[in-house]
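Take a look at the structure set out below.
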Amino acid sequence: TGDDLEGKLSRFHALMMFTKVDKSLNLQQKFQVVMRSMAKHGRFLEDEMLVLHYVSDAGSQELGEKMLPELLLDATFRYEVVFHNVEALTEKLFPIVEAMQKHFSAGSGAYYSDAIFFLSVAMHRIMPAELKRIVQLDLDLKFRSNVRDLFQEFNHFPSKAVIGIAREMQPVYRHTFWQYRKENPKSHVGDPPPDGLPGFNSGVMLLNLEAMRRSTLYNQLLEPGRIAQLAEKYHFRGHLGDQDFFTMIGMEHRELFYPLSCGWNRQLCTWWREHGYGDVFQLYYHCDGPVHIYHGNCNSPIPDD
Ligand code: UDP
Ligand code: MN
């Protein structure tokens, strides 16, 4: 019976931020590209289901509910859609991330509405304990591979890793860590791959919520005092939310992060090439191997194929 199957289904959870989409044609187009490409390349087993989580406001939810059935028409797999109210999540999140916001947000204060940019950081405290793993994805992505293969990367996490994430592919953190690099000329902080630490990009993230809950170290790093201490050590002042936090703690504790290959988040933004870093840009931007997901960050166009 149907009920019998429900209980046996193995669920793969993916989450996307999905706010103000009803107000932006640009975001609606990106939503079409990411969902159509996910449907086109997605393959799951008979007893598996993809659960799509969207963090939305009322207007975006209404639009999403209307658009999704058509965007997923070609999907050969079972799926289920869950909308999460952005205000309800923000309310839970704010007390946990308030103290880090001043280090990693634009502007000087800790704006309540900015807390949601740190959802991934405290997802393990927000989502129910039954939820053990979740993949967080940007809207400006295009799949060229099966999204199920991305979930398989969880199985390669070393024992101390809690998050899987690809490196940042522009020299943005070479810039952010400028002062630390000057004071520590031998350090690899902000250097390009393969030997350097270029920081992370948050467009595609594997959150092992179970490991995040269990890791004493990770939870200590969420404490305001520890964050302030590290921000002072690295002279860190950013505005990119969760990816700044992960980049900064990654400089200190690399073992917490499983490095996804660049093909799983092939970023296309070239802004820093034209803003003082043309000489080193290619060292960061370069990515060998198959592209599984294109990331059209900073509104970059994505190749047709
Ligand atoms: N986003 C959203 N509403 C907005 C702006 C952003 O839901 O008005 C979400 C969306 O999922 C998007 C993510 O936030 O992919 C990060 O923003 P974006 O991809 O534009 O940043 P970039 O990758 O260019 O740095
Ligand atoms: Mn993006």
Side-chain angles (χ1 to χ4, degrees), residues 13-38 52-65 67-68 71 81-90 93 97 104-106 111 113-121 123 134-143 147 150 165-173 175-176 198-205 207 238-247 260 262 264-275 284-285 291-303:
H13 294 91
L15 177 143
M16 295 173 128
M17 288 300 307
F18 193 76
T19 60
K20 301 178 195 158
V21 181
D22 56 326
K23 308 272 194 282
S24 161
L25 264 177
N26 189 238
L27 286 175
Q28 288 166 35
Q29 276 158 7
K30 288 172 178 175
F31 180 50
Q32 295 188 356
V33 170
V34 68
M35 296 319 299
R36 286 205 174 111
S37 62
M38 191 190 284
L52 296 163
H53 299 260
Y54 297 95
V55 177
S56 310
D57 48 68
S60 301
Q61 173 170 350
E62 194 179 326
L63 182 77
E65 283 170 341
M67 289 176 74
L68 273 168
L71 298 178
V81 178
V82 181
F83 285 93
H84 302 263
N85 180 261
V86 64
E87 284 132 55
L89 290 191
T90 301
L93 209 51
V97 302
F104 312 123
S105 296
Y111 295 106
S113 59
D114 286 348
I116 201 67
F117 298 121
F118 297 88
L119 175 61
S120 59
V121 161
M123 188 92 77
I134 197 163
V135 166
Q136 185 169 338
L137 301 167
D138 267 10
L139 220 48
D140 54 345
L141 306 179
K142 183 175 181 181
F143 280 85
V147 61
L150 180 59
I165 191 166
R167 63 178 174 84
E168 167 61 43
M169 294 171 68
Q170 291 193 269
V172 48
Y173 292 113
H175 183 81
T176 309
F200 298 125
N201 181 276
S202 61
V204 174
M205 293 182 288
L207 307 173
H239 66 279
L240 300 176
D242 55 0
Q243 84 166 46
D244 283 341
F245 173 71
F246 293 142
T247 292
L260 280 183
C262 58
W264 278 115
N265 178 4
R266 203 312 172 214
Q267 300 132 237
L268 296 168
C269 183
T270 59
W271 194 86
W272 288 94
R273 188 170 61 197
E274 275 70 58
H275 294 83
Y284 292 83
Y285 195 67
V291 174
H292 302 295
I293 298 178
Y294 277 122
H295 183 184
N297 57 152
C298 78
N299 283 314
S300 305
I302 296 179

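Order of appearance sets the numbers: ligands from 1, and atoms from 1 within every ligand. None of these values were measured; they are calculated from a predicted model.
For the pair T90 (side chain) and I116 (backbone), a donor-acceptor distance under 3.5 Å is absent.
In terms of distance to the Mn ion (ligand 2), the nearest N, O or S atom of D138 is named OD2.
For atom 6 (C) of ligand 1, no protein non-hydrogen atom is found at a distance below 4.0 Å. Distance check on atom 15 (O) of ligand 1: some protein heavy atom falls below the 4.0 Å cut-off.
The nearest heavy-atom contact from the protein to atom 20 (O) of ligand 1 is D140 OD2, 4.4 Å. Atom 12 (C) of ligand 1 has as its closest protein heavy atom L139 N, 3.9 Å. For atom 11 (O) of ligand 1, the closest heavy atom belonging to the protein is M17 O, 2.8 Å.
Side-chain contact between Q136 and M17 is present, with at least one heavy-atom pair separated by less than 4.5 Å. By the 4.5 Å heavy-atom criterion applied to side chains, F104 and F118 are counted as neighbours. With a 4.5 Å cut-off on side-chain heavy atoms, F83 and N85 do not count as touching. L240 places none of its side-chain heavy atoms less than 4.5 Å from the side chain of T247. L260 places none of its side-chain heavy atoms less than 4.5 Å from the side chain of I165. Residues P303 and Y294 are in side-chain contact: their nearest non-hydrogen atoms beyond the backbone lie under 4.5 Å apart.
Residue Q32 places its CD atom among more than 12 non-hydrogen atoms of other residues, nucleotides or ligands, all under 6.0 Å distant.
If you number the atoms of ligand 1 from 1 as listed, the ones under 4.0 Å from a heavy atom of N297 come out as 22 (P), 23 (O), 24 (O). Less than 4.0 angstrom separates some heavy atom of T19 from each of these atoms of ligand 1: 2 (C), 3 (N), 4 (C), 7 (O), 8 (O). Residue L27 has at least one heavy-atom neighbour below 4.0 Å for each of these atoms of ligand 1: 3 (N), 4 (C), 8 (O). Interface atoms of ligand 1 facing D138, defined by a heavy-atom separation under 4.0 Å, are 13 (C), 15 (O), 16 (C), 19 (O), 23 (O). For ligand 1, the atoms sitting less than 4.0 Å from at least one non-hydrogen atom of F18 are 7 (O), numbered in the order shown with element in parentheses.
Of the heavy atoms in V21, none comes closer than 4.0 Å to ligand 1. Contact annotation: for H295 versus ligand 1, heavy atoms closer than 4.0 Å belong to the side chain alone.
Judged by the shortest distance from any of its heavy atoms, C298 lies inside the 4.0 Å radius around the atoms of ligand 1.
Rounding to 10°, one obtains 90° for the angle at the Mn ion (ligand 2) between NE2 (H295) and OD1 (D140).
With Y285 as the aromatic partner, R266 meets the cation-pi criteria of under 6.0 angstrom to the ring centre and within 45 degrees of the ring axis.
A donor-acceptor contact under 3.5 angstrom links the side chains of D244 and Y173, judged on distance only.
On a distance-only criterion, K30 and ligand 1 share no N/O pair closer than 3.5 Å.
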